[in-house]
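To keep things clear, I will list the structure first and then write my remarks on it.
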Amino acid sequence: MSAFTLSHVVGCDAVTAFAWWTEVDRFRSWWWPQWPDTTYQLDVTEGGDYRIGTPYDGVGVSGRYTAVRPGSLLAFTWQWDGEPEIDHVTVLFTAIDASTTEVTMVHVSPGRAVGDGFQQGWTDVLDRLPGAVAG
């Protein structure tokens with residue numbers, strides 16, 4: 001089992017930071033915006049499913065939300081299209097003050113080593129979040 005952790009500070013309160021992960025219009029502004037045909041289906045309830053896919057690049061990921069605590073925690077399974085491994089992702093929202101939140105993502109993969117692909121992919125996605133929040 002291996003894990004990858006990445007944190008970013010965003011300029012908003014923890015409830016709003018959580019909304020950037022759970023409201024489709026906000027989410028699409030920073031998650032894979034470089035692929036204009038990306039689709040986002042988010043049923044952000046415990047036990048609800050999500051799917052993010054882009055036919056342009058032939059990439060897709062899906063899973064199920066396992067914990068949904070607005071302003072605090074979001075946890076979900078993670079499975080790339082065509083891959084048998086099911087990983088687990090936890091996103092923690094920690095208020096630094098009333099208008100700043102640290103967002104920490106932990107991706108745990110029980111079946112494969114977490115290598116450069118994890119770092120490149122998550123860094124690419126999460127580096128856009130602070131800018132999207134700032135507008």
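None of these values were measured; they are calculated from a predicted model. Atoms considered below: every heavy atom in the structure, side chains included; atoms not considered: hydrogens, waters and symmetry mates.
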task: Could you grab the distance from atom CG of Asp49 to atom CD of Gln41, nearest 0.5 Å is fine?
output: 9.5 Å
task: Indicate yes or no for a side-chain donor-acceptor contact from Ser62 to the backbone of Arg51 under 3.5 Å, with no hydrogens or angles considered.
output: no
Test item: Val91 and Phe76 side chains (from C-beta on) under 4.5 Å apart, heavy atoms: yes
- prompt: Taking side chain as C-beta onward, heavy atoms only, is Thr94 less than 4.5 Å from Thr101?
  reply: no
message: Which label fits Trp21 and Trp31: parallel for a plane angle under 30°, tilted from 30 to 60°, or perpendicular past 60°?
response: perpendicular
- line: Value for CZ (Arg28) from CD (Glu23), rounded to nearest 0.5 Å, stands at 12.0 Å
message: Less than 4.5 Å apart, side chain to side chain, heavy atoms only: is that true for Leu129 and His8?
response: no
field: Verify same cluster id: Leu126, Tyr40 (apolar side-chain graph, 4.5 Å)
entry: yes
query: Hey, does Glu102 have a side-chain heavy atom less than 4.5 Å from the side chain of Thr104?
result: yes
message: Just verifying a value: how many Å separate Leu42 CG and Ile52 CD1, rounded to the nearest 0.5 Å?
response: 6.5 Å
message: Please give me the minimum heavy-atom distance between Pro84 and Gln79, naming the atom from each residue.
response: O-NE2, 3.5 Å
task: Give a yes or no on whether the backbone of Asp124 and the side-chain of Gln120 come within a donor-acceptor separation of less than 3.5 Å.
output: no
message: Quick check on ring-ring contact (aromatic ring centres under 6.0 Å, His included): which of Phe4, Trp78, Trp80 does His107 satisfy it with?
response: Trp78
query: Going from CG on Asp97 to OG1 on Thr100, what distance comes out if it is rounded to the nearest 0.5 angstrom?
result: 4.0 Å
field: Residues Val68, Phe18; criterion side chain to side chain contact (heavy atoms under 4.5 Å, CB included); working and verdict
entry: CA-CA 10 Å; Val68 178; Phe18 182 89; 3.8 Å; yes
- request: Report whether Val24 and Val125 are members of the same hydrophobic cluster (ILVMFWY, side-chain heavy atoms less than 4.5 Å apart, transitive linking).
  value: yes
query: Does the side chain of Ile86 come within less than 4.5 Å of Arg64's, by heavy atoms?
result: no
field: Check: Thr54 main-chain N/O paired with Thr38 side-chain donor or acceptor under 3.5 Å
entry: no
Any Asp13 side-chain heavy atom under 4.5 Å of Ser99 side chain: no
query: With side chains defined as the heavy atoms from C-beta onward, is the minimum distance between Val133 and Trp20 less than 4.5 Å?
result: yes
Val89 and Trp122, any side-chain heavy atoms less than 4.5 Å apart: yes
- request: Please check if the distance between the ring centroids of Trp32 and Trp30 is under 6.0 Å.
  value: no
- line: Rounded to the nearest 0.5 Å, the CG atom of Leu92 sits from the CZ atom of Arg69 at a distance of 10.0 Å
- line: What one should report as the nearest heavy-atom pair of Ala132 and Ser29 is CB-OG, 3.8 Å
task: Could you tell me whether Tyr56 atom OH has more than 12 heavy atoms of other residues or ligands within 6.0 Å of it?
output: no
task: Compare every heavy atom of Pro110 with every heavy atom of Val108, then report the nearest pair and how far apart it is.
output: O-CD, 3.7 Å
query: Thr77 and Gly63: which non-hydrogen atoms are nearest, and at how many Å?
result: OG1-CA, 3.3 Å
query: Transitively linked via ILVMFWY side-chain contacts under 4.5 Å: Val10 with Val106?
result: no
query: Can you tell me how far OH of Tyr50 sits from CG of Asp43, rounded to the nearest 0.5 angstrom?
result: 13.0 Å
